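Reviewing the structure listed below.
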Amino acid sequence: MKTTENALQVRSLIKYFHDPQTFQVIKNISFDVKKGEFLSIIGKSGSGKSTLLYVLSTMDTDYEGSLEFNGERLTGKTQNQLAAFRNEHIGFVFQFHYLLPEFSTLQNVMLPALKLGKLSSEEIEHHAYENLRLLDLEDQSLKKANKLSGGQQQRVAIARALINNPSVIMGDEPTGNLDSKNSLAVQDIFRNLAREFGQTIICVTHDNDFARNTDRTIEMADGLILK
Amino acid sequence: MKQSKIKKPTVNRQIAWTHLNSKPGQTLVALLGVTFGVSMYIFMNSFMNGVNQAQDDLAFSTLAHIRIYNDDDKRSYNPAESFFDAGTLLNIRNKKSLQYTDGIKNTSQVISIIEKQPEVTGITPQLNFSVFFRSGSKKINGSISGVEPASENQLFGIGSKVIAGSWNKLDVQKSGIILGKLLAEKLNVGLNDNVNVLNSDGVSKNYTVVGIVETSVKEIDKSRAYLNIATARQFQGKNFDYSSDIQVNLRDRDQTASLVSQLKSAIPYQVESWQTANQQLLAASQLRSIIAIAVSLTILLVAGFGIYNIMNMTINEKIREIAILKAMGFSGGDILSIFLAQAAVIGVVGGITGVLLGMGISAAVNQVPFKVAGLTTLPITYNPADFVSAIVFGIATTLFAGYLPARKASKIDPVVIIRG
């Protein structure tokens, strides 16, 4: 694992909100994320940390500056190109678990891979089962997603984020809606993924314990990086 | 890359299918909307076709597509003016009129001209005139149609409307007469009775009743009688090639205009199409078609609004799922196709069940008794074009109703939804 190589490169990033008034949320920040790095972004609410994450996620394209993934410039690509890129390279874990409630656990995990379409559905199912086993959810695989507990749903979301072997996993307060026991479990999973599988992870959090357990922490305030 | 092209639609379809199945009640309501719209479209059109058909059958049982007759024109020629200088004071009293032309004297020649037209399917000459029918001291005024029995039957199918005796008797028994049903009742005569006929020239003759006919057109049933045209010519003192009208039927009765203009230049008589003679028939059938189309399209439109509402609701409910699908890498086009696929399934299934239901309703209505003017039940006529257009309209309405919300879904910005 070449840890010196950059997974993600942000240069001179500026972002405005226009509603209700024009307001500069992110004020010219630049930083790199190395491959295999477990990075947390912390800050008070309104500091711009979540806004930064959505720019990094490629879903928000209304910014100035440039964003590169594995040396590939993403700034200026079309929505459809970015959607295809996200599908292959980015896994998401959100605060609210956002599973598709009408689908089974297994189907939820398989969806991004079916969308990518690089493997046959049998292979994808096999991978999905492996991921579920890794997260100790094997016996829940055929349950409807909305029948699971919050902690289980969040683990399913992580399994789903992993299914396409993404370059980066992005978490927006992944433990924000969980009780402390489940929160610890999710933190453990992330740490394991980073240590054992060399998975690059970027998490926005306001949980200082969580941040302390990551390789590096970026603290934001008023649209700037403090350290 | 090739593989991904094949896989993508399958995932989208799988998601669409799961959506349809997860809310069976809502799907059913949307389906019923289309089913009802399409079935009403088919029923309304089949019913209107039936009514038009029945109306036409009735009208064309006595009306030919083209009628040729000799109309003695108004003449302004005054011989006195050419004999005296202009300015001479003339006093003419009790001016007498001269009948210059009367009827068609060269019937067979005219028929041979018409026969050459390829679109003509039937020709029959008639000799029509007014008479008094007498039975005992009873005197009823009416009219006689002198006809060639075979060709008259070919044009108007009158043979099947004879309720007593037989139409062909006219051919065999030259002194036979066939009376309208109400006329016979009024004269109080039956088969093989004699009836006396008196024409405007004062000629009177007895004929034997060989048939009673019921056309369902009351005006005709109470005043019309049929003779063989040869007998009629003899009675009227006309030559063997004389007729008052020549009736012509065409393959397509809506295409009379070109033949009328062609015949007008070749024949020195009046040539009149049924459209000019009976504009009310044309107007009535066209107005009925417009009403049928307006009503059924309105029903489809209402069904379309229903689908639009349901799809809109579905999309509002699933807005977070749509956002997460987009975050996972589904493009706007994928979202569009997921929701359009749902609309398409509703449209196709609703269209098919609508056709079946429409046929069922039509068949049921066709059994409802309706004994007026020769009908026994409410008339229904199936027209394949209506079925095709019902399905096409049904699917098009559904797709359009589904497209608007689906497009809205495809444009959802996941950041706005996920950040809340």
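Sequence lines set the chain letters: A, B, ... in the order given, protein chains first and strands last, and positions in each chain run from 1. All of these numbers come straight from a predicted model, not from anything done at the bench.
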When you look at CG of Asp254(B), are more than 12 heavy atoms from neighbouring residues, nucleotides or ligands closer to it than 6.0 Å? yes
Which one of Gln107(A), Glu102(A), Gln79(A) has the most heavy-atom pairs closer than 4.5 Å to chain B? Glu102(A)
As an exercise, state the distance from CD of Glu321(B) to CG of Asn108(A), rounded to the nearest 0.5 Å. 9.0 Å
Taking CZ in Phe36(B) as the centre, count heavy atoms belonging to other residues, nucleotides or ligands within less than 6.0 Å. Is the count above 12? no
Reported NZ-to-CD1 distance for the pair Lys115(A) and Ile15(B), which is rounded to 0.5 angstrom: 9.0 Å
What are the two closest heavy atoms between Asn80(A) and Gly332(B), and how far apart are they? OD1-N, 3.9 Å
I need the minimum non-hydrogen distance between Ala83(A) and Ser331(B), along with the two atoms involved. CB-CA, 4.1 Å
Here the gap from Ile163(A) atom CD1 to Met328(B) atom CE, rounded to the nearest 0.5 Å, amounts to 11.0 Å
I'd like to know whether NZ of Lys77(A) has more than 12 heavy-atom contacts from other residues, nucleotides or ligands below 6.0 angstrom. yes
In this structure, are over 12 heavy atoms from other groups packed under 6.0 Å from Lys27(A) atom NZ? yes
The interface call for Leu325(B) against chain A, heavy-atom contacts under 4.5 Å, is side chain
Does CZ belonging to Phe305(B) count more than 12 external heavy atoms closer than 6.0 Å? no
Contact origin within Thr51(A) toward chain B - heavy atom pairs under 4.5 Å: both
Pairs of heavy atoms under 4.5 Å with chain B: top-ranked of Phe92(A), Phe103(A), Phe85(A): Phe103(A)
Indicate the atoms forming the closest heavy-atom contact of Asp60(A) with Val415(B), along with that distance. N-CG2, 3.8 Å
If we define contacts as heavy-atom pairs under 4.5 Å, which of Ala84(A), Ser57(A), Pro101(A) has the most with chain B? Pro101(A)
Within the 4.5 Å heavy-atom criterion, are Gln14(B) and Met110(A) side-chain neighbours or not? no
